[in-house]
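The structure appears right after this line, and notes come after that.
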Amino acid sequence: MLTGESAAQSLRLGDILVKRGLISEKQLNNSLDYQHETGARLGEALIHLGYVTPERLEGALLWQHSYGLTALAELVPNPSTVGLLTEKFCRARHVLPLDFDRHGTLILAMADPSDVVTIDDVRLITGISVTAVTAIPGALEEAWDEVFTNKGRLERETIEPERAGPDLLVLAEYDKVVSLVEEILAAAVRQGASDIHFEPQADCMVVRIRVDGMLHRLTDVRDEMKEGVVSRIKILGDMDIAERRLCQDGRATFRFDDRAVDLRIASIPTVFGENVTIRLLDGALADITLEDLGMGEEDLAEFRRSLKRPWGEILVTGPTGSGKSTTLYAALGELNAPDVKIYTVEDPVERRIPGILQSQVRANIGLTFSTMLRSLVRSDPDIIMVGEIRDQETALIATEASLTGHLVLSTLHTNDAASAITRLMEMGLPPYLIASSLECIVAQRLARRVCPKCAQMVTLTPSKMTAGERKFLQVKKATIAKPVGCNFCFNTGYSGRVGLFEVLAVSREIRALVLEHASADDLRDQGTASGTRPLREDGRLKVLEGLTTIEEVERVTA
C-alpha cells in the first residue's frame, strides 16, 4: 500500500487522470483555474469543460478510493454525506462516509472493506446503497478528529438548493427518514398519546397512536422507507439494528417544547418486517397528586388513611392501561419525605422521583422482583413499592415484608377490589397472611372525558330517557354531557381521561371472610355493605357531573 508524500501525490484526482492519459497537464491546469474562479469541485470543472465524461470521472474516483487513503486531505468528506453516521458508530466500526457516485451510492471508507455486517448496517441506517473502499486506519483516526463536532455528528455545510444534484436527493431521502420520525414523535406528544405503533404491512407501514386509550391512524410510511424508519428508531433506543429476528427493548429521551419525554421502545419481528411500539412517558405528568387522580372525597380520605399506616399492604388493581402506576407514583409523591426511606422495584422505571431509590428488574440476568425484594427488606426501608405482583414468590415476600414493619405498595391484574383477595389465594398465599397484611385495595379504570370544546349538555326527563339510561342513571331528571366531535378531539367527542375508583378498606369483617376462604362475591357484598362504592357507581356519579358518558362507563366497567 502506498504511504507518505508519494502516496498523497499519487492519490490526487488530477494526477490520476493525467497519469492514466485521460487528460493533459494543460487541461488539468485549466480545470484548476476554473475551479478556483467558480468554487466548483474539480470533477465538476472537468465535466463542464468537456475534458472527461461522467463515466470516466467515476472510474477514476473509484480507482482513487480503492488504493487506500493515507493523508487527511484525501479523507475530507463531501458535504453531502455529513450527518449520515454518528461519531460513535464510525469509530466503533472504523468507517467514514466520503461521497456519492452519480448513481446515488454512498462511498464508504473502511479499514476492512470485507466487513459485510457493517456495510449492511450502514445501508439499513441510511437507506442508501453502499460501495466500500479501503482506508488506512491512521488516516481514519486523523479524519475522525478533524471532521466530528462535539455533537457526535459530522458537521453539515450549507448547500444552496440550486446546486443540489442526484447525490443531494439521496441525502434528502435520508433526511426525510430522520424528519419523519421526529415529526411523528412530536405529533404524538402534541395529541397527548400514550403509545405509538409502527405496524409493517405488505406495501407500507401504518403508524397509529393511542390517545385516551383508543387507537387512531396517524399516517402511512412508504414501503421503501420502512427499514430506514425502524433503523432510526432502534438507533435512538441504542438497540442492535443488525438483529431483526429477535425481540428487543430500548430507551431514549425526546425533547419537545422544553420538556423531556421518555421513550420505551419495543420491537417484534413480523412477516412484513419489524413492528415497533413506543411508550411515551411525559415528564410533565410526574407531578400529578392524589387530588389530580379524580377520587371522590370519601375514597380519597380512606386511601390516605391507609397510606399513613406504618406497615401493611396496599394494592392497586385493574387491567393494563388503567392508570395503576400513576396512582402509585402519586401516592409515593405524598409519602416522600426526608425522614422516610423509600425503595421501588419496577419493570420498567417509568418516572424518576428525586429522593426515592428506584431499581429496574432485569430478568435476563436473574434480577427479578423476588430477588430484589429479598435484598430490599434487608436494606432498612420504611416503604417499598413493587411494580407488579406476578407470582407466588413475589406475593409471599411482599406480604411478609408488610408484616415486619414495612408499608408495601403494589399492583395486581384483577377486575375489581374483591377479586384481588381471591387472586392472592389462587397464587397460594395462606389466608391468614392475607388477612393480617392487607389494609386497602383500590380498583380503577380510565374512562374518556367528554371534550370541553364541543360537549353538548342535554337535560333528560323521564319521557326523554331510554330504558338503559333510566336504569343506569337511577334518577328521574339529569343533565348530562353528550359527545359531539371537533378537530380538537379527533372528532370523537372525547379529550383526556377521568379515573373511576373503587376503594375497599379491609375491615374486621373482610378479614374474617378471608380466613373462611370466602368467594369474591361474598367479599364484594360485604364491602358494599360497609360503604365501598363500586366502580360502576363511581362512574354513574361522574356521568351526572358531566365528566364522561354512560357509554364510556359501560365500556370500561363491563
Which atoms form the tightest heavy-atom contact between G527 and I510, and what is the distance? N-CD1, 4.1 Å
Other residues, nucleotides, ligands: >12 heavy atoms within 6.0 Å of Q474 CD: yes
Full working for side-chain contact (heavy atoms from CB on, under 4.5 Å) between L367 and Q360: CA-CA 8 Å; L367 196 63; Q360 179 155 329; over 6 Å; no
Keeping to residues at least two apart or across chains, list the salt bridge (charged side-chain N to carboxylate O under 4.0 Å, His left out) pairs with something in residues 478-506. E469-K482
Decide side-chain contact (heavy atoms from CB on, under 4.5 Å) for V553 and F472; before the verdict, give the C-alpha distance in whole Å, the side-chain angles of both, and the deciding distance to 0.1 Å. CA-CA 10 Å; V553 174; F472 181 92; 3.7 Å; yes
Quick one: does S322's side chain have a donor or acceptor within less than 3.5 Å of a partner on P319's backbone? yes
For the side chain of K341 and the backbone of I383, is there at least one donor-acceptor N/O pair under 3.5 Å apart? no
Report yes if the side chains of V229 and I184 come closer than 4.5 Å at any heavy-atom pair, otherwise no. no
Among side-chain atoms of T394 and S370, is any donor-acceptor pair under 3.5 angstrom? no
Could you work out, with salt bridge (Lys or Arg N to Asp or Glu O under 4.0 Å) as the rule, every residue matching D240, not counting sequence neighbours? none
Would you find a donor on one side and an acceptor on the other, under 3.5 Å apart, between the side chain of D212 and the backbone of G496? yes
So the side-chain hydrogen bond (donor to acceptor under 3.5 Å, both in side chains) pairs with at least one residue in residues 182-198 (sequence neighbours excluded) are D195-R279
Whether the side chain of R362 engages the backbone of I365 through a donor-acceptor N/O pair (distance < 3.5 Å, no angle test) should be reported. no
Exactly one of K234, R244, K226 clears salt bridge (Lys or Arg N to Asp or Glu O under 4.0 Å) with E274, and that residue is K234
So, for H517 and P431, which heavy atoms are closest and what is the spacing to 0.1 Å? NE2-CG, 3.3 Å
Is it true that a side-chain atom of Q358 and a backbone atom of E346 form a donor plus acceptor pair closer than 3.5 Å? no
Any salt bridge between D238 and R251, counting N to O under 4.0 Å? no
Can you confirm whether T422 sits close enough to L424 that some side-chain heavy atom of one is under 4.5 Å from a side-chain heavy atom of the other? no
Provide the closest heavy-atom pair for G321 versus L446 in the form atom of the first, atom of the second, distance. O-CD1, 3.7 Å
Could you tell me which residues satisfy ring pair (Phe, Tyr, Trp, His ring centres under 6.0 Å) with H413, sequence neighbours excluded, listed by chain and number? none
Rounded to the nearest 0.5 Å, how far does CD1 of I314 lie from OG of S437? 11.5 Å
Short question: side chain of N336, backbone of G333 - any donor-acceptor pair under 3.5 Å? no
Can you tell me if Y494 and T549 form a side-chain donor-acceptor pair at under 3.5 Å? yes
Which atom pairs, donor and acceptor, lie under 3.5 Å between side-chain atoms of residues 533-545 and protein residues at least two apart or in another chain?
{"unit_1": "R533", "atom_1": "NH2", "unit_2": "D299", "atom_2": "OD2", "d": "3.4"}
{"unit_1": "R536", "atom_1": "NE", "unit_2": "T557", "atom_2": "OG1", "d": "3.3"}
{"unit_1": "R536", "atom_1": "NH2", "unit_2": "T557", "atom_2": "OG1", "d": "3.3"}
{"unit_1": "E537", "atom_1": "OE1", "unit_2": "R540", "atom_2": "NE", "d": "3.0"}
{"unit_1": "E537", "atom_1": "OE2", "unit_2": "R540", "atom_2": "NE", "d": "3.4"}
{"unit_1": "E537", "atom_1": "OE2", "unit_2": "R540", "atom_2": "NH2", "d": "2.9"}
{"unit_1": "D538", "atom_1": "OD2", "unit_2": "F501", "atom_2": "N", "d": "2.8"}
{"unit_1": "D538", "atom_1": "OD2", "unit_2": "K542", "atom_2": "NZ", "d": "3.0"}
{"unit_1": "R540", "atom_1": "NH1", "unit_2": "L473", "atom_2": "O", "d": "2.8"}
{"unit_1": "K542", "atom_1": "NZ", "unit_2": "G294", "atom_2": "O", "d": "2.7"}
{"unit_1": "K542", "atom_1": "NZ", "unit_2": "G499", "atom_2": "O", "d": "2.5"}

For residues L185 and L263, determine if any side-chain heavy atom of one lies less than 4.5 Å from a side-chain heavy atom of the other. yes
Pairs touching residues 417-439 that satisfy salt bridge (charged side-chain N to carboxylate O under 4.0 Å, His left out), sequence neighbours left out: R309-E439, R423-E426, E439-R511
Side-chain heavy atoms of V181 within contact of L236, under 4.5 Å: yes
Can you name the salt bridge (Lys or Arg N to Asp or Glu O under 4.0 Å) partners of R208, sequence neighbours left out? E199
One pair to check against side-chain hydrogen bond (donor to acceptor under 3.5 Å, both in side chains): E334 and T289. What are the steps and the verdict? CA-CA 7 Å; E334 184 152 313; T289 66; over 6 Å; no
Donor-acceptor pairs are to be reported for all side-chain atoms of residues 400-408 against protein atoms at under 3.5 Å, with residues two or more places apart or in another chain.
{"unit_1": "S402", "atom_1": "OG", "unit_2": "T399", "atom_2": "O", "d": "2.6"}
{"unit_1": "T404", "atom_1": "OG1", "unit_2": "E400", "atom_2": "O", "d": "3.3"}
{"unit_1": "T404", "atom_1": "OG1", "unit_2": "A401", "atom_2": "O", "d": "3.0"}
{"unit_1": "T404", "atom_1": "OG1", "unit_2": "H406", "atom_2": "ND1", "d": "3.3"}
{"unit_1": "H406", "atom_1": "ND1", "unit_2": "A401", "atom_2": "O", "d": "2.9"}

Which pairs with one or both residues in residues 549-558 pass salt bridge (charged side-chain N to carboxylate O under 4.0 Å, His left out), sequence neighbours excluded? R448-E552, E552-R555
Would you say T414's side chain and D416's backbone share a donor-acceptor pair under 3.5 angstrom? yes
Distance, nearest 0.5 Å, that separates CG of L396 from CG of L433: 6.5 Å
Flag side-chain contact, heavy atom, 4.5 Å: N415 against R445: yes
Hey, does the side chain of T411 reach the backbone of G387 with a donor-acceptor pair shorter than 3.5 angstrom? yes
Quick check against the 3.5 Å criterion: does S495 have a side-chain atom that pairs as donor or acceptor with the backbone of C451? no
Check side chain to side chain donor-acceptor pair (under 3.5 Å) between E243 and all other residues, then give those that pass, not counting sequence neighbours. R245
Between C489 and G485, which heavy-atom pair has the shortest distance, and what is it? SG-CA, 3.9 Å
Excluding sequence neighbours, so at least two apart, what forms salt bridge (Lys or Arg N to Asp or Glu O under 4.0 Å) with D525? none
Are side-chain heavy atoms of I434 and I421 found at a separation under 4.5 Å? yes
Taking the side chain as C-beta and beyond, is there a heavy-atom pair between L281 and V261 under 4.5 Å? no
Test: salt bridge (charged side-chain N to carboxylate O under 4.0 Å, His left out). Region: residues 378-388. Which pairs qualify, not counting sequence neighbours? E388-R390
Stepwise side-chain hydrogen bond (donor to acceptor under 3.5 Å, both in side chains) test for T368 and T371: CA-CA 5 Å; T368 62; T371 55; 3.2 Å; yes
Would the distance check show the side chain of Y343 and the main-chain N or O of M385 forming a donor-acceptor pair, the cut-off being under 3.5 Å? no
Side chains of F198 and I278, heavy atoms from C-beta outward: is any pair under 4.5 Å? yes
